[in-house]
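Contents: one structure, followed by commentary.
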Amino acid sequence: MAFMILLNGVPPHGWVKRLKAIDPQLDLRIFPDVGRPEDIEFALVWSPLPGELKRFANLRCIASMGAGVDHILRDPELPDLPVTRVVDPSMAQAMSEYIVMAVLNHCRYAATYFRQQREQGWKIHIPRLAGRTKVGIMGLGQLGTHAANRLAALGFKVAGWRRSPGAVEGIETFCGQDGLDPFLGETDVLVCLLPLTTETRDILNARLFGLLRPGAFVINVARGDHLVEADLVAAIDGGHLSGACLDVFRTEPLPAGHPFWDHPAIIVTPHTASITNPSVVAAQIYENYRRVLAGQAPLHRIDRRRGY
Ligand code: NAP
Ligand code: GLV
């Protein structure tokens, strides 16, 4: 049973090293030099091209290299097989660190002070105090719940929005379409941590921005296709939003000349909020390979109809 690594835009070396350390006998094939396609029964993938996976007639499981699976499910010819994703505490920790950084940067005007210092400026901006700032997290899953708890521990008021009914312990929870507008109406800092699905694509748009509290700040760490970029710029330039911190974009890398690069109220980072670390995650990927080999159900399987 051959194990294929098919990572578009990501170097495979770290995975090869870690997987071989776990199982030196593993029959590892690196795409595109995989030999006979019918040998491949397990695939670790990132951004496979549409139609790429259907060539492997004996494939039994498709494992996402990351937490998201939109990069797999967008393939209209995707074989009808179990798709798994990464669920890892160190990824949740890294994501929380990024979100805490972005929220504190906004509340304490860090980027403004960096700019001021370059101009030897001495102007005080009154801090937005945690106890008076409500952070609203869209998506209360593995990553959103972790970040919500960390922000609450710092003294922020925190709420979350999720798809299915049911409270998340310790966090004010809003659910479904009916819960969206009331959730937004109380939000000073909005964090998007939703999976990209047909329901959530373009969700960060003019209507949604208009419902946030005046001066609200937007943090998008989910996917670029959640955000209608022109609506964000219009909401900031129109004065309703104070700015945004963006880690993900419709086109990555963000193209040269894109308006976000030079916008004084937009912070851009290169999809680094929470990067999968092969040295930690290879063990769970290998465990799924072992399970598939043994005819058992793989861990962290996503629901293809739901899209996450
Ligand atoms: P997860 O555990 O599957 O959680 C997803 C959350 O979103 C759940 O709470 C779910 O609601 C909610 N949700 C889904 N569809 C919804 C809808 N239509 N309306 C309202 N809520 C909805 O996912 P995760 O592990 O936290 O990861 C979230 C996303 O983060 C990933 O899909 C990926 O795109 C992104 N990500 C980005 C980076 C980065 O470096 N920037 C790194 C890792 C992941 P229920 O609780 O009701 O199911
Ligand atoms: C990164 O974006 C991931 O989905 O893990």
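Read the numbers this way: they start at 1 and go in the same order the structure lists the ligands and their atoms. Computed from a predicted structure; not experimentally measured.
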So, D202 and R250, do they make that salt bridge, N to O below 4.0 Å? yes
Inspect the surroundings of CD in E77 and state if more than 12 heavy atoms from other residues, nucleotides or ligands are less than 6.0 Å away. yes
Just to confirm my output: which protein heavy-atom neighbour is closest to atom 8 (C) of ligand 1, and how far is it? G141 N, 3.8 Å
Of all the atoms in ligand 1, which lie at a distance below 4.0 Å from a heavy atom belonging to H271? 39 (C), 40 (O), 41 (N)
Atoms of ligand 1 under 4.0 Å from any heavy atom of W161, numbered from 1 in the order shown, are 19 (N), 20 (C)
Give the numbers and elements of all ligand 2 atoms closer than 4.0 Å to a heavy atom of M91. 5 (O)
Any donor-acceptor N or O pair under 3.5 Å, side chains Q142, H300: no
Using a distance-only test with no angle check, is there a side-chain donor-acceptor pair under 3.5 angstrom linking T269 and Y98? yes
Counting distance only, does the side-chain N/O of D88 pair as donor-acceptor with the main-chain N or O of V281 below 3.5 Å? no
Just to check, does M138 reach to within less than 4.0 Å of ligand 1 when the distance is taken from its heavy atoms? no
Quick one: which ligand 1 atoms are inside 4.0 Å of a heavy atom on S164? 45 (P), 47 (O)
Does ligand 1 have any atom sitting under 4.0 Å from a heavy atom of A222? yes
Would you mind telling me if ligand 1 is within reach of the side chain of R223, the backbone, both or neither, using heavy atoms under 4.0 Å? side chain
Using a 4.0 Å cutoff against the non-hydrogen atoms of H271, which atoms of ligand 2 qualify? 1 (C), 2 (O)
Should the ring pair F217 and H106 be called parallel, tilted or perpendicular, given that the plane angle runs from 0 to 90° and is split at 30 and 60? parallel
Could you list the atoms of ligand 2 found under 4.0 angstrom from a heavy atom of R223? 1 (C), 2 (O), 3 (C), 4 (O)
Apply the test side-chain contact (heavy atoms from CB on, under 4.5 Å) to residues E52 and N8: give CA-CA distance (whole Å), side-chain angles for both, the deciding distance (0.1 Å), then the verdict. CA-CA 11 Å; E52 221 159 38; N8 283 318; 3.3 Å; yes
Pair R128 + D188, salt bridge at N-O below 4.0 Å: no
I'd like to know if F183 and L151 are part of one continuous hydrophobic network [Ile/Leu/Val/Met/Phe/Trp/Tyr, side-chain heavy atoms within less than 4.5 Å]. no
Going through the checks in order, is the side-chain contact (heavy atoms from CB on, under 4.5 Å) test met by V221 and L143? CA-CA 10 Å; V221 274; L143 305 181; over 6 Å; no
Atom indices of ligand 1 within 4.0 angstrom of S274 heavy atoms, with elements: 39 (C), 40 (O), 42 (C)
Sub-4.0 Å heavy-atom contact, D247 with ligand 1: yes
Out of L246, T198, L143, I137, who gets a non-hydrogen atom closest to atom 26 (O) of ligand 1? L143
Please indicate whether any nitrogen or oxygen in T197 is less than 3.5 Å from any nitrogen or oxygen in ligand 1. no
For E199, is there an ion pair with R163 - N to carboxylate O distance below 4.0 angstrom? yes
For the 3.5 Å polar cut-off, considering only N or O atoms, please tell me whether A67 and ligand 2 meet it. yes
Does the N or O separation between I275 and ligand 1 drop below 3.5 Å for any pair? no
For atom 29 (C) of ligand 1, which candidate among L194, L196, L140, V168 provides the closest heavy atom? L194
Nearest-option assignment for atom 18 (N) of ligand 1, heavy atoms, candidates M95, E199, R201: E199
Give a yes/no verdict on whether any heavy atom in R85 is under 4.0 Å from an atom of ligand 1. yes
For ligand 1, find out whether one of its N or O atoms is nearer than 3.5 Å to an N or O atom of T200. no
Between D225 (side chain) and R201 (backbone), is there a donor-acceptor pair under 3.5 Å? no
